[in-house]
Structure formats: structure tokens, C-alpha cells
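Whatever order the structure lists ligands and atoms in, that order sets their numbers, starting from 1. Below, each value reflects all heavy atoms present in this structure, side chains not excepted, and no hydrogens, waters or symmetry copies. When a residue number appears, it is its place in the shown sequence, counting from 1.
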Amino acid sequence: MSTSEQTGPRVALVTGAGRGIGRGIALALGERGWRVLVNYRADADSAASCVREIGEAGGEARAIQADVAASEGRATLLREAIGAWGGVDLLVNNAGMAPRQRVDILEMTEASYDEVMGVNLRGPLFLTQGIARHMLAAERAGTIINIGSMSAVVASTSRGEYCISKTGMGMMTKLYADRLAEHGIHVYELRPGIIETDMTAVVLERYRRLVSQGFTPIRRLGLPQDVALACVAIVEGHFPFSTGEVINIDGGQHLQRL
Ligand code: NAD
């Protein structure tokens with residue numbers, strides 16, 4: 001059965017959707033008639049306010065607490081997400097973290113490496129595995145969108161573990177895109193540049209200055225809505241002959257310039 005043949009609104013699971021980019025994506029989908037599952041790890045209030053805001057916009061949403069880095073968390077998330085409205089049509093792997101401390105790669109600890117890789121790569125890798133198995137078993141066409149980063153290709157020696165996790169996500173996008181295409185499941189990666197969220201709050205002033213001096217061809221910082229609109233373009237079906245595609249949402253930062 002294809003998504004369009006299923007009855008009722010389509011269902012999206014967005015991880016880490018209480019704030020930032022995930023919240024922007026959840027709101028954009030909710031406003032467009034999707035049923036949205038708002039995953040959060042610890043901040044129940046922000047998830048509840050996201051659910052409320054979607055409701056006020058005329059949409060439907062539910063919050064699900066789960067740590068995507070933990071296998072028990074992912075098992076809970078899968079069970080509750082699939083149980084909520086009978087299935088999932090879209091997974092947005094958004095939850096992510098920067099290292100707790102930016103330190104030179106020569107000082108990087110194994111604990112920080114394990115933590116960042118667990119949240120940013122192992123978590124989405126195995127959550128996608130679970131959702132893909134569900135979509136296949138339900139003969140449900142679907143979409144998977146990974147929120148990667150320009151850090152997949154831009155080296156920052158003060159947060160090497162983050163860069164490595166996002167480079168890994170780039171290969172994860174390719175692997176699932178290849179494996180799932182014949183089943184009507186398409187996989188995309190959005191690669192944000194500098195987006196104004198809590199994650200970048202600590203470095204925002206420096207980035208704002210750089211951007212105003214021309215660091216990016218488009219001279220402004222990105223907003224969660226910039227990423228959300230790219231998600232919308234994908235799920236509205238405007239890329240039917242593409243999978244494994246990376247879309248840079250970075251003000252042109254990835255361009256090599258002289
Ligand atoms: P953010 O810190 O504002 O939001 C991240 C969200 O993920 C939070 O709600 C957090 O609670 C949640 N989260 C973290 N670990 C989790 C876990 N184990 N289980 C469940 N939820 C968890 O950051 P953001 O800027 O909105 O980032 C969202 C995504 O975008 C991340 O994957 C990030 O790497 C990526 N990204 C952000 C930027 C940027 O400039 N802000 C740039 C490139 C990529």
C-alpha cells in the first residue's frame with residue numbers, strides 16, 4: 001500500500017522536537033495537516049508546548065519521552081510511535097548534540113566521543129533500522145530525513161567527535177537510500193550551516209560577526225524555519241526521482257570560493 005492510499009493524515013516522528021530545528025520541523029508539519037509525534041529526552045515542558053502550539057494551529061500532536069541514544073529508549077519510541085496512530089510515514093532524525101565542551105582534538109576524551117556518537121549516529125542509525133522494518137512489514141511507503149550538518153565536510157578541530165558523527169550520518173543516508181528505494185522509501189539528508197538555536201547560542205556572536213563579514217554568500221544566520229521548509233518541500237513530494245540526496249541549508253557556506 002502506498003502512503004497516498006492510506007486513510008487519515010500522515011504521521012511524522014520528529015526526534016528532539018521540543019526546541020530548535022526539530023521544533024520548527026514539527027510545527028511546519030503540524031500546520032500542514034500531519035499528525036506529529038514530538039520526541040523529547042528530558043524537557044517535558046518544551047515538548048508539551050510544541051504539542052500545544054501544533055494543536056492551536058489546527059494540527060494533532062503527541063509527545064513521546066525517549067532517549068534515542070539508548071536501545072531501551074529507541075524500543076519505547078518505536079512502540080509508542082507506531083502505536084499512536086497505527087504507523088509512521090516519516091521519520092526525521094533531528095535529535096543531536098554538540099560535545100559538552102569544545103576541546104582540541106588532541107585533548108578529546110573517549111567519553112565525549114562515545115556520548116556524541118551515541119546520540120548523533122548510533123541512535124539515528126538503529127532508530128531508522130526499526131522504522132524501516134516497520135514500514136516494510138506494513139508495506140508502507142515512507143520518507144526518512146536525516147538532519148546532518150555542514151560539519152560532515154567542514155573540519156572543526158575543537159569538536160572532532162561532532163564532525164565525525166555527521167560524516168557517518170552522510171554514509172548512513174546513502175546506505176538506507178540504496179537499501180530502501182525499491183520499497184518506495186526515500187531517504188534525504190538536510191545539511192544545515194549555522195542556524196540560530198540553543199546549540200549555537202554559545203558561539204553565536206562570533207558567527208554573527210563572521211557572517212556579516214561575508215563568511216557565507218547569503219549574509220544572515222539560518223533559522224529553524226529554513227530547515228523546516230526544506231523538509232516540507234521533500235514530504236510534499238517534489239523530489240520523486242531523488243533519493244540519497246543531500247540538500248545544503250547553509251546560506252551557500254559549502255561553496256568553494258576564491
Ligand atoms: P538543540 O540543542 O536546540 O536541539 C537538539 C534537540 O535534540 C534538543 O531538544 C535535545 O533535547 C534533543 N536531544 C539531544 N539528545 C537527545 C537524545 N539522546 N534523545 C532525544 N532527544 C535528544 O539543537 P538544534 O540546533 O536544534 O539541532 C538539531 C539538529 O540539527 C542536530 O542534529 C544538530 O546536530 C543539527 N544541526 C544544527 C546546526 C545549528 O547550527 N544549530 C547546524 C547543523 C546541524
query: What do you reckon, does Lys166 put a non-hydrogen atom under 4.0 Å from ligand 1?
result: yes
message: With respect to Ser149, determine whether any N or O atom, backbone or side chain, lies less than 3.5 Å from an N or O atom of ligand 1.
response: no
message: Does any N or O of ligand 1 fall below 3.5 Å from an N or O anywhere on Pro192, backbone included?
response: no
statement: So the atoms of ligand 1 within less than 4.0 Å of a heavy atom of Ala66 turn out to be 19 (N), 20 (C)
- request: Answer yes or no: are there more than 12 heavy-atom neighbours, outside Tyr113 itself, under 6.0 Å from its atom OH?
  value: no
Atoms in ligand 1 flagged as close to Tyr162, the criterion being non-hydrogen separation under 4.0 Å: 33 (C), 34 (O), 35 (C), 36 (N), 43 (C), 44 (C)
task: Check each atom of ligand 1 against the heavy atoms of Thr200 and keep those under 4.0 Å away; list them by number with element.
output: 39 (C), 40 (O), 41 (N)
Pair Thr128-Asn93, side-chain donor/acceptor within less than 3.5 Å: yes
task: Could you find the nearest protein heavy atom to atom 5 (C) of ligand 1 and give me its residue, atom name and distance?
output: Gly96 O, 3.7 Å
query: So is Met97 close enough to ligand 1, meaning a heavy atom under 4.0 angstrom away?
result: no
message: Please state which option from Asn93, Val227, Ile21, Ile147 has its nearest heavy atom closest to atom 37 (C) of ligand 1.
response: Ile21
field: Selected option - heavy-atom contact closest to atom 13 (N) of ligand 1, from Ala95, Gly22, Gly24, Ala69
entry: Ala95
statement: Under 4.0 Å from one or more heavy atoms of Ile194, ligand 1 contributes atoms 40 (O)
Sole residue of Val68, Leu127, Val14 in side-chain contact (heavy atoms from CB on, under 4.5 Å) with Asn39: Val68
field: Location of contacts on Asn120 toward ligand 1, heavy atoms closer than 4.0 Å
entry: neither
message: Consider side-chain hydrogen bond (donor to acceptor under 3.5 Å, both in side chains). Of Glu189, Arg191, Glu245, which one does Thr173 pass it with?
response: Glu189
task: Go through the steps for Asp226 and Arg220 under the test side-chain contact (heavy atoms from CB on, under 4.5 Å), then give the verdict.
output: CA-CA 12 Å; Asp226 291 312; Arg220 69 167 173 86; 2.9 Å; yes
message: Taking CD in Gln129 as the centre, count heavy atoms belonging to other residues, nucleotides or ligands within less than 6.0 Å. Is the count above 12?
response: yes
message: Could you check whether any heavy atom of Asn94 sits closer than 4.0 Å to an atom of ligand 1, since that is the contact criterion I want to use?
response: yes
- prompt: Who's the nearest protein heavy-atom neighbour of atom 12 (C) of ligand 1, and how far?
  reply: Gly16 CA, 3.7 Å
query: What part of Arg191, side chain from CB on, backbone N/CA/C/O, both or neither, has a heavy atom under 4.0 Å from ligand 1?
result: neither
